[in-house]
Amino acid sequence: MATKCENCPLRKKDLFVPMTREDAAVMQKFKMGELVVDPGTPILMEGSNSPQLYTALRGMGLRYKHLENGRRQVVNMILPGDFIGLQASVMGEMGHSVEATTHMTLCVFDRSALWGFYRDSPSRAYAMTWLAATEEHFLGDALMTLGQRSASEAVAWALAKIYLRGDHIGLVKNGQMPLPYRQQDLADALGLSLVHTNKVLATIRKSQLASWSDGILSVNDLDGLCELAMLDSKTVRQRPLI
């Protein structure tokens with residue numbers, strides 16, 4: 001059975017701004033149901049105009065773009081709590097594709113009801129706008145990483161960002177969290193070759209900062225990893241949950 005918004009397990013996570021009972025009721029009215037997808041399933045395609053919006057309830061995925069020659073740029077990694085598809089609602093079509101990396105459960109919302117949602121629920125609509133602005137801020141950080149951080153700094157930045165996010169949604173246990181992506185996904189996110197990414201990960205592992213193997217990210221020295229990444233470990237901010 002679909003999870004009721006008032007019982008959403010994500011509401012209890014540190015990452016998310018507390019949702020009132022009234023907010024949960026608004027979201028329940030907006031929610032159409034849930035969709036369960038297998039690993040590798042396309043959720044949204046670049047250039048498409050999907051009638052649905054989604055929130056990742058469980059599982060992980062990828063946002064990415066393809067060049068005409070087939071090369072891929074990973075935009076970011078989707079974790080539980082991420083809102084998917086707003087771009088198509090505003091721009092008319094998706095500027096990137098979204099694919100499930102693991103089994104995922106998605107909360108499904110009716111895109112045609114979005115403007116009524118903005119009209120009737122301004123506080124929830126503001127939360128959605130805040131998420132869009134945060135996404136833009138993240139892309140600015142990612143662009144700076146691609147342009148100004150060294151390969152070691154960039155890989156450390158990506159691992160630290162993911163780990164901090166995972167910690168705030170309860171995925172970290174004893175310094176470890178599931179990270180079921182491929183090294184190629186990380187390489188495509190950071191504009192590095194797979195060989196270079198592998199070498200940098202080996203260097204970070206030898207430095208005893210962090211290691212990533214068999215789908216598990218282990219962080220031994222978070223302060224040291226953040227120092228290498230030039231990232232403040234205290235910068236994680238609470239965000240709204242849609």
Side-chain angles (χ1 to χ4, degrees), residues 10 13 15-16 37-46 54-66 71-87 94-107 131-132 134-146 149 151 153-172 176-192 194 197-198 200-201 204 210-219 222 225-226 229 231 233 235-237 239 241-242:
L10 295 175
K13 306 304 181 182
L15 182 64
F16 302 110
V37 298
D38 294 327
T41 301
I43 298 169
L44 293 170
M45 298 298 294
E46 186 175 353
Y54 306 97
T55 291
L57 181 61
R58 301 180 186 89
M60 300 184 189
L62 283 175
R63 303 181 203 254
Y64 62 89
K65 293 177 68 70
H66 272 126
R71 284 184 293 177
R72 185 182 69 158
Q73 175 67 49
V74 170
V75 178
N76 65 10
M77 297 174 179
I78 295 172
L79 273 64
D82 280 341
F83 190 60
I84 306 166
L86 182 60
Q87 185 183 64
M94 287 296 294
H96 58 266
S97 298
V98 179
E99 181 178 293
T101 300
T102 68
H103 291 284
M104 294 187 74
T105 301
L106 304 164
C107 297
L131 289 177
T134 300
E135 184 71 17
E136 182 178 350
H137 181 76
F138 170 81
L139 292 175
D141 285 347
L143 181 61
M144 182 172 66
T145 294
L146 290 169
R149 284 183 169 92
E153 293 164 350
V155 170
W157 175 83
L159 295 181
K161 290 282 286 189
I162 294 168
Y163 183 87
L164 289 168
R165 171 77 184 276
D167 190 30
H168 283 76
I169 56 176
L171 295 179
V172 173
Q176 297 184 327
M177 69 168 284
L179 193 62
Y181 300 99
R182 304 170 301 153
Q183 286 190 14
Q184 186 67 64
D185 297 329
L186 183 61
D188 288 347
L190 298 175
L192 302 172
L194 179 59
T197 301
N198 183 270
V200 171
L201 286 168
I204 290 176
S211 62
W212 177 33
S213 62
D214 299 323
I216 300 294
L217 172 63
S218 301
V219 174
L222 180 58
L225 187 67
C226 289
L231 178 69
S233 63
T235 57
V236 178
R237 297 177 58 190
R239 54 188 292 172
L241 176 63
I242 298 296

Could you tell me which non-hydrogen atom of [X] sits nearest to which non-hydrogen atom of [Y], and how far apart they are?
{"X": "A56", "Y": "L79", "result": "CB-O, 3.7 Å"}
{"X": "W157", "Y": "A142", "result": "CH2-CA, 3.8 Å"}
{"X": "L146", "Y": "G191", "result": "CD2-N, 3.8 Å"}
{"X": "P180", "Y": "T102", "result": "CG-CG2, 3.3 Å"}
{"X": "Y54", "Y": "F83", "result": "O-CD1, 3.3 Å"}
{"X": "A154", "Y": "R149", "result": "N-CB, 4.0 Å"}

- Please report the C-alpha distance between E99 and T41 in whole Å, then the side-chain angles of each, then the deciding distance to 0.1 Å, and finally whether the side-chain contact (heavy atoms from CB on, under 4.5 Å) criterion is met. CA-CA 6 Å; E99 181 178 293; T41 301; over 6 Å; no
Does the side chain of [X] reach to within under 4.5 Å of the side chain of [Y], using non-hydrogen atoms?
{"X": "L192", "Y": "V155", "result": "yes"}
{"X": "I216", "Y": "M177", "result": "no"}
{"X": "L106", "Y": "I43", "result": "yes"}
{"X": "V74", "Y": "L190", "result": "no"}
{"X": "S97", "Y": "H66", "result": "no"}
{"X": "Y181", "Y": "M60", "result": "yes"}
{"X": "I78", "Y": "L62", "result": "no"}
{"X": "N198", "Y": "L201", "result": "no"}

- Message: I need the single residue from L179, T197, L194 that forms a side-chain contact (heavy atoms from CB on, under 4.5 Å) with L186. Which is it?
- Response: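 Among L179, T197, L194, the one meeting side-chain contact (heavy atoms from CB on, under 4.5 Å) with L186 is T197.
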- Query: Looking only at side chains, do D188 and Q73 share a donor and an acceptor under 3.5 Å apart?
  - Reply: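 Looking only at side-chain atoms, Q73 and D188 do not form any donor-acceptor pair under 3.5 Å.
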- How about S218 and Q176: does a side-chain donor come under 3.5 Å of a side-chain acceptor?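 Judged by distance alone, the side chains do pair up.
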- Message: Applying side chain to side chain donor-acceptor pair (under 3.5 Å), can you list everything that pairs with R182, at least two apart in sequence or on another chain?
- Response: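 Only D185 meet the side chain to side chain donor-acceptor pair (under 3.5 Å) criterion with R182.
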- For C107, does its backbone N or O pair with a side-chain atom of T55 as donor and acceptor, under 3.5 Å?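 Checking the backbone N and O of C107 against the side chain of T55, no donor-acceptor pair under 3.5 Å is found.
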With a cut-off of 3.5 Å and sequence neighbours excluded, list every side-chain donor-acceptor pair involving residues 159-169.
from : atom 1 : to   : atom 2 : distance (Å)
R165 : NH1    : D82  : OD1    : 3.2
R165 : NH2    : P80  : O      : 3.3
R165 : NH2    : D82  : OD1    : 2.8
H168 : ND1    : L164 : O      : 2.9

- In sequence, state the C-alpha distance, the side-chain angles, and the governing distance for R239 and L131, and then conclude on side-chain contact (heavy atoms from CB on, under 4.5 Å). CA-CA 7 Å; R239 54 188 292 172; L131 289 177; 3.5 Å; yes
- OG/S211 to CD1/I204 distance, rounded to the nearest 0.5 angstrom?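 The OG atom of S211 sits 10.5 Å away from the CD1 atom of I204.
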